[in-house]
2 protein chains.
Amino acid sequence: MQSYPNSSWKYTVPKLSSFEERQADMAARLKAAGHKLTPQRLAILKVLAASEGHPSAEQVHARLQPEHPSMSLATVYKTIALLKQAGEVLELQFSDRDNRYDGHRPDPHPHLICTACGAIVDPDLPGLDNLAEELSRRTGFAVSSHRLDFYGLCPVCRAKQS
Amino acid sequence: MQSYPNSSWKYTVPKLSSFEERQADMAARLKAAGHKLTPQRLAILKVLAASEGHPSAEQVHARLQPEHPSMSLATVYKTIALLKQAGEVLELQFSDRDNRYDGHRPDPHPHLICTACGAIVDPDLPGLDNLAEELSRRTGFAVSSHRLDFYGLCPVCRAKQS
DNA sequence: CTATATGCAAATCGTTTGCACCTTA
DNA sequence: TAAGGTGCAAACGATTTGCATATAG
């Protein structure tokens, strides 16, 4: 459960594994794929497992500065690349700003994106996978994933505007 | 109407204005916004009005080489920027490849994207705007647009794989 | 004529890569 | 100790920008 300041809006995320469980899962997956578990990687996994605010690579890096002052941004990108290969992180690509990452829910799911402040949240909106199946049947495409973003002003930025 | 080679798949796009009408609309919009209608711009509008294959800026440029050998890629980007401002072109952003543009249907609508060859088509899939409205009501976001992409292998690339 | 557009080349910026030095297992 | 990881700096590539010249209205 999570809520916006200055707003009565609340939304729930489906009951999923805890952050700790997610981090452990991701670590196990990397190890299984033959990768080493360094302190840097574990720290990056921890941030991505929480994915609070759907951070960019730079935000992950910034968040770890206190604990790991010498960690380089390249290491963050390299770790994210491994996780992408393993299907353990969802990447939201943008061409006009940093990509954003969700390691807590790596399966495709809808996002609400504030066009003013860049906030990204997970709304509760079930029943989309059916759409993908239907499309596969109708079009001959072998649909394997999807992306659904809604763009608009979040309650906070809405208030600021008026 | 349009179809893939080596495939019985067909899809239809909603009945819309013809390419010529779209081009004229876009030109009128630019003029109304105080911009000049140069031969380069008109040529770019023509390609975007058709939007066959949802071209990238580079593809638009390449397609116009024969007629306008001296046209620069920067001019294509600048014209697209004007059209984006005017809401006359839909931009599909990607961070790992060129952005793609649709000037024929500038309103948000679903896309089917082949992860192998990059083909982009418009499937017929009505009833999504309701979703956006519902989300607005539920979340407090002022949802103004959306993006829905389905990723998979198109029939042609599917055949090549097996 | 004058504001605006074009074309070129340089700048931007997120991301990736090469490589010498470290670390995990 | 060997395979793989880290950090740095340079390279990349799509897009944007500055500016001198050209052109639409």
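Reminder, nothing fancy here: chain letters follow the sequence lines and each chain counts from 1.
Once rounded to the nearest 0.5 Å, the distance linking CG of A:Leu48 with CZ of A:Arg63 reads 9.0 Å. Rounded to the nearest 0.5 Å, atoms CD1 (B:Ile120) and CG (B:Asp102) are 9.0 Å apart. Separation of atoms CG (B:Leu90) and CZ (B:Arg105) is listed at 9.5 Å; rounding is to 0.5 Å.
For the salt bridge (charged side-chain N to carboxylate O under 4.0 Å, His left out) condition, no pair includes a residue of residues 74-83 of chain A, sequence neighbours left out.
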Which atom pairs, donor and acceptor, lie under 3.5 Å between side-chain atoms of residues 64-72 of chain B and protein residues at least two apart or in another chain?
from: B:Gln65; atom 1: OE1; to: B:His61; atom 2: NE2; distance (Å): 3.4
from: B:Ser72; atom 1: OG; to: B:Ala74; atom 2: N; distance (Å): 3.3
from: B:Ser72; atom 1: OG; to: B:Thr75; atom 2: N; distance (Å): 3.2
from: B:Ser72; atom 1: OG; to: B:Thr75; atom 2: OG1; distance (Å): 3.3

Show me the donor-acceptor pairs within less than 3.5 Å that the side chains of residues 25-40 of chain B make with the rest of the protein, sequence neighbours left out.
from: B:Arg29; atom 1: NH1; to: B:Ala86; atom 2: O; distance (Å): 3.0
from: B:Arg29; atom 1: NH2; to: B:Glu88; atom 2: OE2; distance (Å): 3.3
from: B:Thr38; atom 1: OG1; to: B:Arg41; atom 2: N; distance (Å): 3.1

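The side-chain contact (heavy atoms from CB on, under 4.5 Å) check on A:Tyr151 picks up A:Phe94, A:Ile113, A:Thr115, A:Arg147, A:Asp149, B:Ser145, B:Arg147, with sequence neighbours excluded. Applying the side chain to side chain donor-acceptor pair (under 3.5 Å) test to A:Asp96 and every residue at least two apart in sequence or in another chain returns B:Gln93. Applying the side-chain contact (heavy atoms from CB on, under 4.5 Å) criterion to B:Ala116, with sequence neighbours excluded, gives B:Cys114, B:Leu153, B:Cys157. Every residue meeting the ring pair (Phe, Tyr, Trp, His ring centres under 6.0 Å) condition with A:Phe19, not counting sequence neighbours, appears here in chain and number order: A:His104. When the side-chain contact (heavy atoms from CB on, under 4.5 Å) test is applied to B:Asp98, the partners found at least two apart in sequence or on another chain are B:Ser56, B:Glu58.
Using cut-offs of 30° and 60° on the angle between ring planes, the pair A:His109 and A:His54 is tilted.
Axis angle, first five pairs versus last five pairs of the helix from C:dC1-D:dG25 to C:dA25-D:dT1: 40°, rounded to 10°.
Between the CD1 atom of A:Ile44 and the P atom of D:dG5 there is a distance of 12 Å, given to the nearest Å. Between the NE2 atom of A:His61 and the C1' atom of D:dC8 there is a distance of 12 Å, rounded to whole Å.
The local environment of NZ in B:Lys160 is sparse, with at most 12 non-hydrogen atoms from other residues, nucleotides or ligands closer than 6.0 Å.
Heavy-atom contacts of chain B under 4.0 Å fall on DNA chain C between two terminal nucleotides, which in 5' to 3' order are C:dA3 to C:dC8.
Contacts of residues 30-43 of chain B with DNA chain C (heavy atom under 4.0 Å): B:His35, B:Lys36, B:Thr38, B:Gln40, B:Arg41.
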Please enumerate all protein N or O atoms sitting under 3.5 Å from an N or O of nucleotides 13-17 of chain D, with distances to 0.1 Å.
from: D:dA14; atom 1: O5'; to: B:Asp98; atom 2: OD1; distance (Å): 3.4
from: D:dT15; atom 1: OP1; to: B:Asn99; atom 2: N; distance (Å): 2.9
from: D:dT15; atom 1: OP1; to: B:Asn99; atom 2: ND2; distance (Å): 3.1
from: D:dT15; atom 1: OP2; to: B:Tyr77; atom 2: OH; distance (Å): 2.1
from: D:dT15; atom 1: O5'; to: B:Tyr77; atom 2: OH; distance (Å): 3.1

